[in-house]
Amino acid sequence: MRKITIKFMGMGACPKCQAKVTIYNLNGQKIASGYTKCGIFVFCGKDKDFYKIVFTINGITNCRTIYANSNYYPIMYQSIIFSRRVTFLLTDQFYANLPINKGEMILWQK
Amino acid sequence: MAKVITITNGTGTSDIVNGSYNVTATVNGYDNASILPTSVDITEGTNTYAFTIGATGTLTLHVTEDGTSSGTPIIGATFVRTDATGNEYGSTITTNANGDAVFDNVPYDATNAPVIYYKQTASDGDHEFDNTVQNTTLTTDTATVEIQNALGAQRTINLTDANYSGLPVESGQLSLE
């Protein structure tokens with residue numbers, strides 16, 4: 001068995017950020033679950049086994065697969081830390097608060 | 001990088017990174033170039049951003065006694081735009097001497113125009129009207145809808161003495177408001 005540390009890179013810079021983490025083996029069995037502390041999640045796994053790490057941050061779920069031949073795995077996801085759920089309202093310009101029934105808005109990052 | 005937000009009934013949500021963005025819109029029937037604001041700063045602590053968009057069509061409601069283009073015009077009938085459930089939006093419009101009331105800046109599209117809802121809120125006091133939510137679509141930039149406000153049915157009003165049952169009051173006036 002190996003004590004494996006998952007480090008979510010960038011979370012140290014955002015102390016209020018926390019990831020919900022679930023670890024699965026190749027058979028789909030849940031091995032461990034919980035929340036990161038200071039961006040770190042630790043679990044015990046079999047040496048040289050594959051594990052699927054499913055993590056949710058700010059409502060966004062992602063996953064990574066690791067091969068347990070090391071005690072430390074960094075996960076980079078800087079953009080996920082800072083993206084968040086935002087609501088956009090679109091109403092008629094001449095009839096105050098009349099909602100636009102259907103359409104699209106496109107935001108182009110400058 | 002572009003982020004597309006689908007709007008349904010006035011609202012859309014998206015996971016988005018803080019930053020500055022230019023904004024464009026694609027809304028059938030509306031003037032896409034009129035979207036405001038045209039840029040937005042997504043910042044920490046603010047999770048809702050409001051935009052507006054305008055249209056350029058004109059909808060004329062022509063109110064007459066018989067509901068035809070040549071009928072006796074009804075002056076002073078009032079209308080307001082609504083949504084499908086009857087919630088009111090914008091200012092009331094009133095028919096003029098020709099029986100016309102105009103909704104400016106309404107959407108239109110040749111093939112996929114948004115539905116425009118409205119309802120009548122008053123007539124001229126002498127005519128009946130339908131106060132339920134009505135709807136139409138504009139396939140061109142101007143359109144006229146003919147609306148009937150039939151003459152109110154003639155009714156008999158009786159005024160008798162309160163203490164002498166059936167004794168008619170010879171003369172006087174009643175006001176119904």
Side-chain angles (χ1 to χ4, degrees), chain A residues 7-22 35-36 38-39 41 53-64 74-110, chain B residues 1-32 34-36 39-42 44 46-56 80-84 87-91 103-107 112 114-115 117:
Chain A
K7 167 77 172 177
F8 291 86
M9 303 301 286
M11 292 194 96
C14 177
K16 289 184 186 176
C17 294
Q18 201 175 31
K20 181 181 175 183
V21 182
T22 308
Y35 291 85
T36 56
C38 295
F41 185 85
I53 304 165
V54 178
F55 58 97
T56 301
I57 303 169
N58 289 342
I60 301 168
T61 299
N62 230 309
C63 69
R64 300 282 190 275
I75 291 181
M76 306 290 294
Y77 68 106
Q78 286 286 344
S79 64
I80 293 176
I81 292 175
F82 298 107
S83 77
R84 57 199 171 79
R85 188 61 52 93
V86 172
T87 298
F88 298 89
L89 307 177
L90 185 59
T91 56
D92 193 294
Q93 221 158 70
F94 297 94
Y95 295 87
N97 301 316
L98 175 63
I100 300 302
N101 193 36
K102 202 162 101 172
E104 281 183 346
M105 288 173 51
I106 304 103
L107 271 60
W108 308 83
Q109 192 159 24
K110 293 182 184 175
Chain B
M1 192 171 82
K3 195 81 174 173
V4 179
I5 294 113
T6 301
I7 299 293
T8 303
N9 198 27
T11 302
T13 59
S14 180
D15 297 311
I16 194 163
V17 179
N18 290 343
S20 294
Y21 296 83
N22 290 319
V23 180
T24 59
T26 304
V27 181
N28 256 8
Y30 282 79
D31 176 10
N32 291 322
S34 69
I35 185 80
L36 285 175
S39 67
V40 65
D41 291 328
I42 305 295
E44 197 65 35
T46 302
N47 296 325
T48 301
Y49 295 84
F51 298 81
T52 62
I53 191 167
T56 59
V80 66
R81 279 194 69 184
T82 71
D83 57 24
N87 298 310
E88 299 178 7
Y89 299 91
S91 303
F103 284 123
D104 288 315
N105 301 109
V106 297
N112 199 13
V115 178
Y117 296 95

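In what follows, every chain begins at residue 1, and chains take the letters A, B, ... in the order their sequences are listed.
- Both the backbone and the side chain of B:S34 come within contact range of chain A, with heavy atoms under 4.5 Å apart.
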For a side chain to side chain contact (heavy atoms under 4.5 Å, CB included) check, start with the C-alpha distance between A:I106 and B:T26, then their side-chain angles and the critical distance, and finish with the verdict.
CA-CA 8 Å; A:I106 304 103; B:T26 304; 3.9 Å; yes

Give the C-alpha distance, both sets of side-chain angles, the deciding distance and a yes or no for side chain to side chain contact (heavy atoms under 4.5 Å, CB included) between A:F94 and B:D104.
CA-CA 9 Å; A:F94 297 94; B:D104 288 315; over 6 Å; no

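- Rounding to the nearest 0.5 angstrom, the gap separating the NZ atom in A:K102 from the OG1 atom in B:T6 is 10.5 Å.
- Residues B:D31 and A:Q93 are not in side-chain contact: their nearest non-hydrogen atoms beyond the backbone lie 4.5 Å or more apart.
- Nearest approach of B:V23 to A:M105, heavy atoms of both residues: CG1-CE, 4.0 Å.
- Residue B:V40 touches chain A through its side chain alone, counting heavy-atom pairs closer than 4.5 Å.
- When all heavy atoms are compared, the tightest approach of A:F88 to B:S14 is CE1-CB, 4.2 Å.
- Looking at B:A84, there are no atoms closer than 4.5 Å to chain A (heavy atoms on both sides), in backbone or side chain.
- Minimum interatomic distance between A:L98 and B:T82 (heavy atoms only, all atoms of both residues): CD1-O, 4.2 Å.
- Of the atoms belonging to B:Y30, it is side-chain heavy atoms, and not backbone ones, that fall under 4.5 Å from chain A.
- Residues A:I100 and B:I7 come closest through the heavy atom pair O-CG2, 3.7 Å.
- Nearest heavy-atom pair, B:Y89 versus A:A96, reported as atom, atom and distance to 0.1 Å: CD2-O, 3.4 Å.
- Among B:G12, B:S91, B:A25, B:G90, the residue making the largest number of heavy-atom pairs under 4.5 Å with chain A is B:G12.
- With contacts defined as side-chain heavy-atom distances shorter than 4.5 Å, the pair A:V86/B:I5 does not qualify.
- Residue with the most contacts toward chain A among B:T24, B:V27, B:T48, B:N9: B:T24 (heavy-atom pairs, distance under 4.5 Å).
- Considering every non-hydrogen atom in both A:Y95 and B:N105, the closest pair reads CE1-O, 3.6 Å.
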